[in-house]
Asks: 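The structure follows.
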Amino acid sequence: MNTALIIGDVQRGITANYPFAAQVVDPLYELLPRAREVGTLVVFVRFALRPNGIDLPRHSELFRTFHEAGDAFHEGAPGTEIELPVAAKDVIVSKRRASAFAGTDLDLILRANGVDTLAIAGVATSAMVAATCYDAADRDYRVIVLRDGCADAEPTMHDFFMDTVFPNRGFEVVTCAEWLPSPTPQRMSREAIQCAEESLTAIVAELRGERITEVVYYLLTTDDEDIYVDEWEYPGWDEPRMGVELITDSGRHYSARTTDAFTEYGMEIFRKPMSEVLRLDLGGIKPVPATVGQYWVDLVDKPILTADICWDNHPDDGIRYPAAIRLGIDDKAVWIAAGTSGPSGTGYNFWLGLDDVMVVFTPELSKEIGIPEPS
């Protein structure tokens with residue numbers, strides 16, 4: 001997971017003229033050194049309209065009011081200067097609408113730095129923060145909202161978004177003190193990669209001869225409602241999203257999920273229960289029995305004849321990474337692969353090689369989406 005901290009509209013013209021906005025300064029001031037220490041990309045987004053008003057929405061009285069409030073919102077004026085300390089490696093993005101993405105190069109900057117998760121703070125909760133969160137989610141970023149790093153002119157509105165709206169949209173809500181920025185992934189040394197390859201190869205080899213007695217998928221969910229088979233089962237493949245746990249007749253638990261150990265995303269399998277691999281205590285992830293699915297039901301209680309790693313090479317640096325784990329059971333094969341669902345209308349609706357888990361059950365589909373042959 002590679003995270004960026006997005007702080008929006010915490011600028012002098014706003015904190016000076018809107019008292020509610022000033023309350024986010026101290027929590028964010030304390031957070032910034034901790035985020036920078038682990039290499040988190042810090043992005044400040046400021047609201048700045050052109051002085052001549054050429055970029056004003058034609059039918060928005062609200063934006064016209066902002067523009068006519070003096071130079072507090074005018075590009076290049078002191079009022080648009082960031083209220084918090086800006087480091088040399090930080091990024092400043094100027095926006096002219098509510099969302100930090102609207103008409104800016106923010107998405108380009110994030111993707112150029114391999115960012116997949118955003119911790120979002122700023123003012124106001126019901127405006128900039130909400131608009132940026134929705135926009136980020138639509139662009140497939142994971143979203144974390146920093147509760148006391150945000151504020152709204154209406155405290156009840158702030159609480160409503162933090163307690164109801166954001167959690168129901170699947171966004172994690174934590175305080176600045178609770179948020180633990182993850183260290184920016186660093187490329188492993190050649191020796192470390194070799195060690196990781198040997199470890200993964202040994203664990204996969206252990207699967208040969210085992211009989212799978214139970215399969216559990218770990219799906220994303222925002223509530224306690226039941227998740228039905230038709231929500232994760234598709235023609236020729238399943239979408240467990242966060243991971244797959246295989247329980248064998250020997251009592252062993254093998255948990256497969258995507259990691260960034262080799263390069264951005266690769267498929268790894270661990271000899272431990274999923275509760276020791278994923279943070280299930282944080283909520284939002286639900287274990288779902290998959291043995292009842294139409295594909296697994298004919299594969300359980302039969303010996304795994306072959307277990308191999310399908311290696312691929314990263315297009316940027318050529319580093320070898322595990323794209324999938326292939327299991328041969330009876331006369332069939334199963335591929336547990338790194339992939340994510342794609343936009344509708346793209347055929348099988350997924351891309352291979354991203355941060356979700358998919359399970360493929362036919363060689364034709366495996367070939368079509370580009371899973372390499374085992375090596």
Side-chain angles (χ1 to χ4, degrees), residues 116 140 142 170 200 204 207 210-221 226-248 254-259 264-270 274 277-278 285-302 304-312 321-375:
D116 56 23
D140 295 330
R142 292 190 178 98
L200 179 61
V204 171
L207 287 164
E210 295 275 346
R211 294 173 184 264
I212 298 172
T213 59
E214 188 176 352
V215 181
V216 182
Y217 287 167
Y218 288 81
L219 285 84
L220 287 173
T221 180
D226 291 334
I227 299 176
Y228 299 99
V229 170
D230 59 6
E231 297 179 55
W232 49 261
E233 190 175 72
Y234 301 92
W237 67 290
D238 289 348
E239 187 180 22
R241 279 298 183 102
M242 300 304 294
V244 179
E245 185 173 7
L246 306 176
I247 303 171
T248 68
Y254 293 91
S255 297
R257 60 159 296 187
T258 58
T259 73
E264 287 176 287
Y265 297 114
M267 179 56 57
E268 286 198 75
I269 191 164
F270 303 88
M274 192 64 81
V277 176
L278 292 175
I285 301 175
K286 185 172 184 177
V288 177
T291 319
V292 297
Q294 63 173 311
Y295 301 110
W296 282 111
V297 69
D298 294 328
L299 301 176
V300 296
D301 295 324
K302 296 179 180 179
I304 298 174
L305 303 178
T306 60
D308 300 286
I309 304 171
C310 302
W311 296 95
D312 205 349
Y321 71 95
I325 310 296
R326 182 188 182 278
L327 305 177
I329 303 175
D330 205 357
D331 60 345
K332 299 180 175 64
V334 179
W335 291 261
I336 303 174
T340 188
S341 54
S344 59
T346 59
Y348 283 106
N349 296 344
F350 47 75
W351 296 296
L352 183 70
L354 293 175
D355 66 338
D356 287 353
V357 177
M358 60 187 301
V359 181
V360 179
F361 295 95
T362 71
E364 295 81 11
L365 186 53
S366 170
K367 182 178 181 179
E368 180 163 348
I369 65 177
I371 297 178
E373 291 294 323
S375 58

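This one's a predicted model, so the numbers in the text were calculated from it and none came from an experiment.
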Asks: Atom CZ in Arg211, atom CD1 in Ile304: separation rounded to 0.5 Å?
Replies: 10.5 Å

Asks: What closest approach, in Å, do Leu365 and Pro235 show between heavy atoms, and which atom pair accounts for it?
Replies: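 Minimum heavy-atom separation between Leu365 and Pro235: CD2-O, 4.0 Å.
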
Asks: What heavy-atom pair brings Glu233 and Gly293 nearest, and what distance separates the two atoms?
Replies: OE2-CA, 3.3 Å

Asks: Could you tell me which non-hydrogen atom of Gly266 sits nearest to which non-hydrogen atom of Ala338, and how far apart they are?
Replies: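 Distance-wise, the nearest heavy atoms are C-CB, 4.4 Å.
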
Asks: May I have the step-by-step check of side-chain contact (heavy atoms from CB on, under 4.5 Å) for Val215 and Leu246, ending in yes or no?
Replies: CA-CA 5 Å; Val215 181; Leu246 306 176; 4.0 Å; yes

Asks: Report yes if some heavy atom in the side chain of Tyr217 is under 4.5 Å from a heavy atom in the side chain of Val244; otherwise report no.
Replies: yes

Asks: Which residue is it: Glu239, Arg241, Met267? I am looking for the one with a side chain to side chain contact (heavy atoms under 4.5 Å, CB included) to Val357.
Replies: Met267

Asks: With sequence neighbours left out, write down each residue that passes ring-ring contact (aromatic ring centres under 6.0 Å, His included) with Tyr295, or none if nothing qualifies.
Replies: Phe361

Asks: Exactly one of Val277, Thr258, Leu278 should register a side chain to side chain contact (heavy atoms under 4.5 Å, CB included) with Met242. Which one does?
Replies: Leu278

Asks: Search all heavy atoms of Val360 against all heavy atoms of Ser366 and return the closest pair with its distance.
Replies: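 So the minimum-distance heavy-atom pair works out to CG1-N, 3.8 Å.
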
Asks: Which distance, rounded to the nearest 0.5 Å, do you find between the CD1 of Ile329 and the CD of Glu210?
Replies: 11.5 Å

Asks: Can you list everything that forms a side chain to side chain donor-acceptor pair (under 3.5 Å) with Ser255? Sequence neighbours excluded, please.
Replies: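 Residues passing side chain to side chain donor-acceptor pair (under 3.5 Å) with Ser255: none at all.
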
Asks: Can you tell me how far apart OG1 (Thr362) and NZ (Lys332) are? Round to the nearest 0.5 Å.
Replies: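 Between Thr362 OG1 and Lys332 NZ, I get 12.0 Å after rounding to 0.5 Å.
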
Asks: Got a sec, which residues hit side chain to side chain donor-acceptor pair (under 3.5 Å) with Lys302, two or more places apart in sequence or on another chain?
Replies: Asp330

Asks: On a heavy-atom basis, which atom in Tyr218 and which in Pro287 lie closest, and how many Å separate them?
Replies: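 Scanning both residues, the minimum pair turns out to be CE2-CB, 3.6 Å.
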
Asks: Find out whether Leu200 and Ile269 are in side-chain contact, i.e. whether some heavy atom of one side chain is under 4.5 Å from a heavy atom of the other.
Replies: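 In short, these two side chains touch, coming nearer than 4.5 Å.
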
Asks: I need the minimum non-hydrogen distance between Ala333 and Arg326, along with the two atoms involved.
Replies: CB-NH2, 3.5 Å

Asks: Mind checking whether Thr306 and Leu327 have side chains closer than 4.5 Å, heavy atoms only?
Replies: no

Asks: For the atom pair CD (Glu268) and CD1 (Ile309), what is the distance rounded to the nearest 0.5 Å?
Replies: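 Reported value, rounded in 0.5 Å steps: 9.0 Å.
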
Asks: Mind checking the CD1-CD spacing from Ile212 to Glu245? Nearest 0.5 Å is all I need.
Replies: 11.5 Å

Asks: Taking side chain as C-beta onward, heavy atoms only, is Val359 less than 4.5 Å from Trp232?
Replies: no

Asks: So, do Ile369 and Met358 sit near enough that their side-chain heavy atoms are less than 4.5 Å apart?
Replies: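 Yes, close enough: below the 4.5 Å cut-off.
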
Asks: Using 0.5 Å steps for rounding, measure from the CG atom of Asp301 to the CD atom of Glu214.
Replies: 11.0 Å

